[in-house]
Amino acid sequence: GKSCFSGCSGLTSITIPTSVTSLSYGCFYGCSGLTSITIPSSVTSLGEGCFSGCKSLTSITIPSSVTSLGKSCFSCCYSLTSITIPSSVTLLGDGCFGSCIGLTSITIPSSVTSLSDNCFSGCGGLTSITIPNSVTLLGNGCFSYCRGLTSITIPSSVTSLGSDCFYGCIGLTSITIPSSVTSLGSGCFYGCKSLTSITLPSSVTSLSSGCFYGCNKLTSITIPSSVTSLENYCFEGCSGLTSITIPSSVTSLGNYCFEGCSNLTSITIPSSVTSLDFDCFKDCSGLETIYFKGKVPKDTSLSYISITTII
């Protein structure tokens, strides 16, 4: 039943009989002394928090009878270095492997169609991961704080990157987003301090709030002509950015959009831009010239920019 062995810190091993079909909510939660366990083929589901906090668990065998891994199922299993997910599994619950800091690699079977919110959040030791073509969605915070992740291939089946998807992935140096992706969630690449280049496909229509916030190694980026808006804090703190071209499809620049882009020396605003929000270029200490191809948007205040030229 629920929380059946929860908090049994002295438990080092256990044999689950073949009569068991489900491991319920919090079943082995906080069994910090448990080092390994074999789940019989009679089990079809692992409940929420089933092995959460099993800090000494180094290995586990999941049988092909299991179809879903519940929310936070293996969260905080710090000693777990690898795990094989059988092809019978279709769902990885929210925070399923959250804070599994010892996990270095994982292969997701093609039976899985989405990676839930915070699925691998805080897996700081994760250096590589294979995402199958069956996956269409990377959930909110899916790979947030995966500090060891240096690169990742997003398959062409993925249509959306959730909010904070790669938040705090400080080791990520480059990434290619496939043309199937139409939206980047807010804070998608927030704090990716090692990111030097990124390719945005023409399928993307907007860059959400804080999308590239604090990506201070990013020196250039090409915004496709499909994008219509750069939202609040979009490039805030991108101090390595020296130039950027805003396409004529863009109609608005959000609050603090380029704040702290201290190496940006000039920028051209197309005539399509009708809204330039509060402190869009605040603390852009190197910015001397803003070129407007058309009228300066109404109520725009650029008193902190030394020269503004209208062409």
Side-chain angles (χ1 to χ4, degrees), residues 138 140-141 143-144 154 160-170 172 174-177 181-270 272-287 290-293 296-297 299-302 304-305:
L138 302 186
N140 299 336
F143 294 101
S144 60
I154 300 172
S160 177
L161 304 184
S163 298
D164 302 331
C165 190
F166 294 96
Y167 187 111
C169 291
I170 59 174
L172 195 65
S174 66
I175 194 166
T176 300
I177 299 170
V181 173
T182 57
S183 64
L184 306 182
S186 59
C188 190
F189 295 97
Y190 189 114
C192 292
K193 296 181 178 181
S194 299
L195 192 66
T196 56
S197 66
I198 190 165
T199 302
L200 298 176
S202 57
S203 51
V204 173
T205 56
S206 68
L207 301 184
S208 300
S209 299
C211 193
F212 296 99
Y213 187 112
C215 295
N216 56 8
K217 293 279 180 68
L218 195 65
T219 55
S220 66
I221 190 169
T222 301
I223 301 171
S225 58
S226 53
V227 172
T228 58
S229 65
L230 306 183
E231 298 186 12
N232 300 343
Y233 316 102
C234 189
F235 293 99
E236 182 173 341
C238 292
S239 56
L241 203 63
T242 56
S243 66
I244 194 165
T245 300
I246 300 171
S248 58
S249 53
V250 172
T251 58
S252 64
L253 305 181
N255 295 334
Y256 308 103
C257 188
F258 294 98
E259 181 182 356
C261 294
S262 54
N263 282 309
L264 198 63
T265 56
S266 68
I267 194 166
T268 300
I269 311 293
S272 56
V273 173
T274 56
S275 173
L276 200 155
D277 291 338
F278 184 75
D279 276 350
C280 185
F281 298 101
K282 183 181 179 182
D283 294 332
C284 292
S285 54
L287 188 60
I290 298 178
Y291 296 101
F292 285 94
K293 285 187 173 181
V296 179
D299 299 325
T300 296
S301 174
L302 296 169
Y304 45 86
I305 305 297

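If you read the sequence from its start, that first residue is 1, and numbering goes on from there. Predicted model, so just to flag it, every value in this text is computed and none were measured.
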Trainee: Using modelled atom types only, decide if a donor and an acceptor are shared between the side chain of Ser194 and the backbone of Ile170 within a distance under 3.5 Å.
Mentor: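 Yes, Ser194 side chain to Ile170 backbone: donor-acceptor pair under 3.5 Å.
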Trainee: Output the distance between atom CG (Asn263) and atom OG (Ser285), rounded to the nearest 0.5 Å.
Mentor: 7.5 Å
Trainee: What residues, two or more places apart in sequence or in another chain, satisfy side chain to side chain contact (heavy atoms under 4.5 Å, CB included) together with Ser160?
Mentor: Leu137, Ser183
Trainee: Could you list the residues that satisfy side chain to side chain contact (heavy atoms under 4.5 Å, CB included) with Ser272, not counting sequence neighbours?
Mentor: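 Result, side chain to side chain contact (heavy atoms under 4.5 Å, CB included) vs Ser272: Ser248, Pro270.
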Trainee: Only counting residues at least two apart or in another chain, list the ones meeting side chain to side chain contact (heavy atoms under 4.5 Å, CB included) with Ser197.
Mentor: Ser174
Trainee: If you define the side chain from C-beta out and look only at heavy atoms, does anything of Ile198 sit under 4.5 Å from Ile177?
Mentor: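 In contact.
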Trainee: For Lys193 and Lys217, which heavy atoms make the closest approach, and how far apart are they?
Mentor: O-CG, 2.6 Å
Trainee: At what distance, to the nearest 0.5 angstrom, does CG of Leu207 lie from CG of Leu200?
Mentor: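 Leu207 CG to Leu200 CG: 6.0 Å, rounded to 0.5 Å.
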Trainee: For Phe189, check ring-ring contact (aromatic ring centres under 6.0 Å, His included) against everything at least two apart and list the hits.
Mentor: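 Expected list: Phe166, Phe212.
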Trainee: Check side chain to side chain donor-acceptor pair (under 3.5 Å) between Ser252 and all other residues, then give those that pass, not counting sequence neighbours.
Mentor: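 Partners of Ser252 by the side chain to side chain donor-acceptor pair (under 3.5 Å) criterion come out as none, since no residue qualifies.
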Trainee: Main chain of Asn140, side chain of Ser163: is a donor-acceptor contact present, judged purely on distance under 3.5 Å?
Mentor: no
Trainee: Nearest 0.5 Å, please: how far is OH in Tyr167 from OG in Ser186?
Mentor: 10.5 Å
Trainee: Say whether, by atom type as modelled, one donor and one acceptor occur between the side chain of Thr265 and the main chain of Gly286 under 3.5 angstrom.
Mentor: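 Answer holds: no.
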Trainee: Roughly how far, to the nearest 0.5 Å, is CG of Leu138 from CG of Leu184?
Mentor: 11.0 Å
Trainee: Can you give each donor-acceptor pair under 3.5 Å made by side-chain atoms of residues 231-240, sequence neighbours left out, with the distance rounded to 0.1 Å?
Mentor:
{"unit_1": "Asn232", "atom_1": "OD1", "unit_2": "Asn255", "atom_2": "N", "d": "2.8"}
{"unit_1": "Glu236", "atom_1": "OE2", "unit_2": "Tyr213", "atom_2": "OH", "d": "3.4"}

Trainee: To the nearest 0.5 Å, what is the distance between OG on Ser266 and CG on Leu287?
Mentor: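 The CG atom of Leu287 is 7.5 Å from OG of Ser266, to the nearest 0.5 Å.
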Trainee: Please round to the nearest 0.5 Å and tell me the distance separating atom CG of Leu195 and atom CD1 of Ile175.
Mentor: 7.5 Å
Trainee: Where do Gly185 and Ser208 come nearest, in terms of heavy atoms and distance?
Mentor: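 For Gly185 versus Ser208, the nearest heavy atoms are C-CB, 3.7 Å.
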